[in-house]
Amino acid sequence: MVIQSSLQSLNTWEVKYYNNTGGSWTAEPFVICSSAPHHQVPGRPGSVGKFHGTGTSWVGCPAGQQVTGGGGFSENTEFIQSTFENNGWRATVSNLSADFQQVTAFAVCTGS
């Protein structure tokens with residue numbers, strides 16, 4: 001199974017993936033909800049080289065806020081990593097296509 005994106009969409013969390021194994025698989029996103037005010041901060045798109053090139057995007061939370069989640073978006077790629085880092089979020093992908101692609105990380109930030 002290849003995860004293509006994992007990000008907030010309105011009041012839900014959306015994961016896009018495709019099954020490249022030929023077998024039957026189930027994907028179950030895991031979400032932790034909070035009543036604390038929070039918002040999504042998009043990062044700058046990172047370039048991803050063609051033919052299995054890798055690319056990364058990172059975004060940090062504004063001063064006075066704490067990262068409480070995050071994800072990323074990219075097309076025609078495979079997510080290698082999606083994780084919190086230095087009060088922000090990093091998304092790293094591998095390109096599955098013969099064209100250059102982009103990856104964008106998103107951080108969910110909550111006031112402290």
Side-chain angles (χ1 to χ4, degrees):
M1 183 174 312
V2 176
I3 297 174
Q4 294 182 292
S5 65
S6 174
L7 55 115
Q8 182 181 358
S9 177
L10 300 174
N11 198 29
T12 64
W13 200 266
E14 180 180 90
V15 177
K16 290 186 181 178
Y17 62 92
Y18 68 90
N19 184 350
N20 63 345
T21 68
S24 179
W25 291 88
T26 301
E28 294 185 36
F30 179 76
V31 180
I32 298 173
C33 300
S34 168
S35 60
H38 58 277
H39 63 284
Q40 183 171 286
V41 179
R44 289 187 180 160
S47 180
V48 186
K50 39 186 164 172
F51 298 116
H52 300 285
T54 59
T56 296
S57 174
W58 179 86
V59 60
C61 288
Q65 297 189 16
Q66 183 67 37
V67 65
T68 54
F73 175 79
S74 186
E75 293 188 39
N76 299 313
T77 63
E78 176 179 20
F79 267 79
I80 298 172
Q81 181 182 45
S82 180
T83 188
F84 68 94
E85 180 181 296
N86 297 326
N87 200 35
W89 204 267
R90 177 173 301 280
T92 304
V93 299
S94 175
N95 190 350
L96 304 176
S97 75
D99 297 315
F100 286 97
Q101 302 295 333
Q102 292 186 329
V103 57
T104 303
F106 295 89
V108 177
C109 303
T110 304
S112 43

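Sequential numbering from 1 along the given sequence is applied to the chain's residues. Both backbone and side-chain heavy atoms feed into the values below; hydrogens, waters and symmetry mates do not.
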The side-chain hydrogen bond (donor to acceptor under 3.5 Å, both in side chains) partners of Gln101 (sequence neighbours excluded) come to Ser97
Margin query: Holding to side-chain hydrogen bond (donor to acceptor under 3.5 Å, both in side chains), I want the full list of residues that pass it with Ser82, two or more places apart in sequence or in another chain.
Written below: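 So Ser82 forms a side-chain hydrogen bond (donor to acceptor under 3.5 Å, both in side chains) with Trp89.
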For Pro45, the side chain to side chain contact (heavy atoms under 4.5 Å, CB included) test, sequence neighbours excluded, returns Gln102, Thr104
The remaining residues in the hydrophobic cluster of Phe100, counting side-chain heavy-atom contacts under 4.5 Å among Ile, Leu, Val, Met, Phe, Trp and Tyr, are none
query = Is there a donor-acceptor pair closer than 3.5 Å between any side-chain N or O of Asn76 and the backbone N or O of Ala98?
reply =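 Not at all, since once roles are kept as given, no pair shorter than 3.5 Å links the two residues.
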Has the side chain of Asn95 got a donor or acceptor atom that lies under 3.5 Å from a matching backbone atom of Gly53?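 Answer holds: no.
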What I'd like to find out is whether the side chain of Gln66 reaches to under 4.5 Å of the side chain of Asn87, using heavy atoms alone. yes
Residue pairs passing the disulfide bond (SG atoms under 2.5 Å apart) test with at least one member in residues 45-98, sequence neighbours excluded, are Cys61-Cys109
Residues pairing under salt bridge (Lys or Arg N to Asp or Glu O under 4.0 Å) where one sits in residues 89-111, two or more places apart or in two chains, turn out to be Glu85-Arg90
Output for pair (Glu75 CD, Leu96 CG), nearest 0.5 Å, gives 12.0 Å
| field | same_hphob_cluster(Val103, Val108) at 4.5 Å side-chain heavy-atom cutoff | value | yes
- Give every residue pair that meets the side chain to side chain donor-acceptor pair (under 3.5 Å) criterion with at least one member in residues 51-62, sequence neighbours excluded.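 Counting only pairs at least two positions apart or across chains, the side chain to side chain donor-acceptor pair (under 3.5 Å) contacts touching residues 51-62 are Thr56-Thr92.
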